[in-house]
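Below is one structure, written out as structure tokens, with a few remarks after it.
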Amino acid sequence: MSKTAGCCQSCLHYVFDYETPKTLVIPSIRVGIVFRFTQLLVVLYVVGYVCVVQKAYQETESVISSVTTKVKGFAFTNTSDIDPRFWDVADYVIPPQGENSFFVLTNMVITPGQIQSRCPELPSPSTKCVDDCDCIEGYSDPRGNGILTGLCENYSTTVKTCEVRSWCPLEIDTKLPERAVLAAAENFTVLIKNSITYPKFNFHGRNLLPHINSSYLKRCEFNHKTDPDCPIFRLKHIVAEAGEDFQDMAVKGGVLGIIIDWSCDLDLWAGKCYPKYTFRRLDDKNPANNVAPGFNFRFAKYYLTPDGGETRTLIKAYGIRFDVIVHGTAGKFGIVPTIVNLGAALSFLSLVPVVSDWFMLTCMSKRDLYSRHKVTYLNEDAETIPLDPTYGTQ
């Protein structure tokens, strides 16, 4: 029974005993250095990193943006595959309007005069045949060019393939020009108009800065060093800024990013908010894995023949898609984040004595002495120590 009572008494002491701090002055330079050095680290972290670098005293908001583009330029081609032709923006920008992006045609495979009829499929292990039994009528291979008719026809004097119902003659897209047809596209220019807003701070901006006017736009061209505010970019320079060669990229196409950074400090003492431009290639260009490289798609132009029939010219278009990517975060002084981070800073300062106590009770030679005086248990049942009779007298 007494054992149970002792256990209960111990639990009560554990729950209800009151602890109060006691000031213990340690005349040790080593402990003092550790204490002040730890304080200095906390202050440097709060002031240098939290306030100056992270600007944690600010409220923040992400940018809301809209982008429009306008490409300009002309080209003339005269190749064996294409008749002499003049190209303007309506020919090589497909589609005319994109969502934060635009595509410039640079190379192509053209299959003219296609009509809906029957013709032998292009030779491949799955399309070669010996007789009609090898061709299943009505079957369509997603990798093929049409629907099988069930007949095995001569593709050439030595090869027979299954006949398909399709647009004939079939496209042979392996005959891609080694030099881009529209190599002159490198000198085309694009005007990028970008408007942004930060609704929380009632801030609006655009990349057409206040000093830009019509006469300036007629003569300016973007350059990081000489003209960083101009919103008109030459395609060759965009690709070069991304570390690529335009003529190499134009053969099979690719995807390139025009990145506009609107990260701004909107405090009264900060500078003005201007956009910053960077460029990089976005599609994977890995020499070790060049499966399906570049960027391409197909479209057709349809015509009516004199007898009322339909014919088309199929174009497999290769080119560069430019994605305009706008990002940014604005910050402005706010009382709530300031109070929150000030409280966090004070909590860090409260850890300084903990570090100093650990050093004092672990690394010092007199740690046993410090430990005895660091914690004192007061026994209220002990006799009161009498004071010296002369205490407080002369």
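Note that the structure is predicted; figures quoted are calculated from it, not measured.
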Looking at [X] and [Y], what are the two nearest heavy atoms and their distance?
X    : Y    : answer
D323 : S101 : OD1-CB, 3.2 Å
A242 : R280 : CB-CA, 3.7 Å
I94  : F103 : O-CB, 3.0 Å
G328 : Y198 : C-OH, 3.6 Å
K332 : F201 : CB-CE2, 3.7 Å
L122 : T127 : O-OG1, 2.7 Å

(message) Run the side chain to side chain contact (heavy atoms under 4.5 Å, CB included) test on T38 and F359 for me, step by step, so that the C-alpha distance in whole Å, both residues' side-chain angles and the decisive distance to 0.1 Å come before the verdict.
(response) CA-CA 11 Å; T38 308; F359 179 81; over 6 Å; no
[Y] and [X] side chains, donor-acceptor separation under 3.5 Å:
X    : Y    : answer
Y303 : K301 : no
E163 : T149 : yes
Q247 : E186 : yes

(request) Please indicate whether L44 has more than 12 foreign heavy atoms, meaning atoms of other residues, nucleotides or ligands, lying under 6.0 Å from its CG. (result) yes
(request) Tell me, yes or no, whether the heavy-atom count around L349 atom CG, taken from other residues, nucleotides or ligands under 6.0 Å, exceeds 12. (result) yes
Is the shortest side-chain heavy-atom distance between [X] and [Y] below 4.5 Å?
X    : Y    : answer
C273 : F203 : yes
K72  : V89  : no
V181 : R179 : no
V104 : F188 : yes
K160 : N154 : yes
S195 : H204 : no
T311 : P112 : no
V355 : F37  : no

(request) Check the pair W262 / V326 against side chain to side chain contact (heavy atoms under 4.5 Å, CB included), numbers first and verdict last. (result) CA-CA 7 Å; W262 281 94; V326 182; 3.7 Å; yes
Atom [atom1] in [X], atom [atom2] in [Y]: separation rounded to 0.5 Å?
X    : Y    : atom1 : atom2 : result
E221 : T189 : CD    : OG1   : 7.5 Å
L170 : Q114 : CG    : CD    : 7.5 Å
I320 : N107 : CD1   : CG    : 10.5 Å
F246 : R234 : CZ    : CZ    : 11.5 Å
D134 : K128 : CG    : NZ    : 13.0 Å
L151 : R165 : CG    : CZ    : 10.0 Å

Donor-acceptor contact present, side-chain [X] to main-chain [Y], <3.5 Å:
X    : Y    : answer
S166 : I147 : no
D261 : K276 : no
N194 : S66  : yes
T106 : Y318 : yes
T161 : Y155 : no
E121 : N145 : yes

Parallel, tilted or perpendicular: ring planes of [X] versus [Y], cut at 30 and 60 degrees:
X    : Y    : result
W167 : Y302 : perpendicular
F322 : F102 : parallel
Y45  : Y49  : parallel
F279 : F222 : perpendicular

(request) Decide yes or no on salt bridge (Lys or Arg N to Asp or Glu O under 4.0 Å) for R85 and D91, but give the supporting numbers first. (result) CA-CA 11 Å; R85 180 169 181 173; D91 298 313; 3.5 Å; yes
Examine [X] and [Y] and state if one hydrophobic cluster contains both, with Ile, Leu, Val, Met, Phe, Trp and Tyr joined whenever side-chain heavy atoms are less than 4.5 Å apart.
X    : Y    : result
I315 : V251 : no
L351 : V46  : yes
F297 : V109 : no
Y277 : V71  : yes
I325 : I196 : yes

(message) Applying side chain to side chain contact (heavy atoms under 4.5 Å, CB included), can you list everything that pairs with T338, at least two apart in sequence or on another chain?
(response) Y57, F333
(message) Between L209 and I212, does the side chain to side chain contact (heavy atoms under 4.5 Å, CB included) criterion hold? Intermediate values first, please.
(response) CA-CA 6 Å; L209 302 180; I212 295 178; 4.3 Å; yes
(request) Could you point out which residue of C129, C135, C162 forms a disulfide (SG to SG under 2.5 Å) with C152? (result) C129
(request) Answer yes or no: is there an ion pair linking D173 with R298, defined by an N-O contact shorter than 4.0 Å? (result) yes
(message) Check this for me: does any side-chain nitrogen of one of D267 and K55 sit under 4.0 Å from a carboxylate oxygen of the other?
(response) no
(request) Run the numbers on N296 and K252 for side chain to side chain contact (heavy atoms under 4.5 Å, CB included), then give the verdict. (result) CA-CA 7 Å; N296 64 80; K252 292 187 177 181; over 6 Å; no
(message) Check the SG atoms of C220 against those of C230: under 2.5 Å or not?
(response) yes
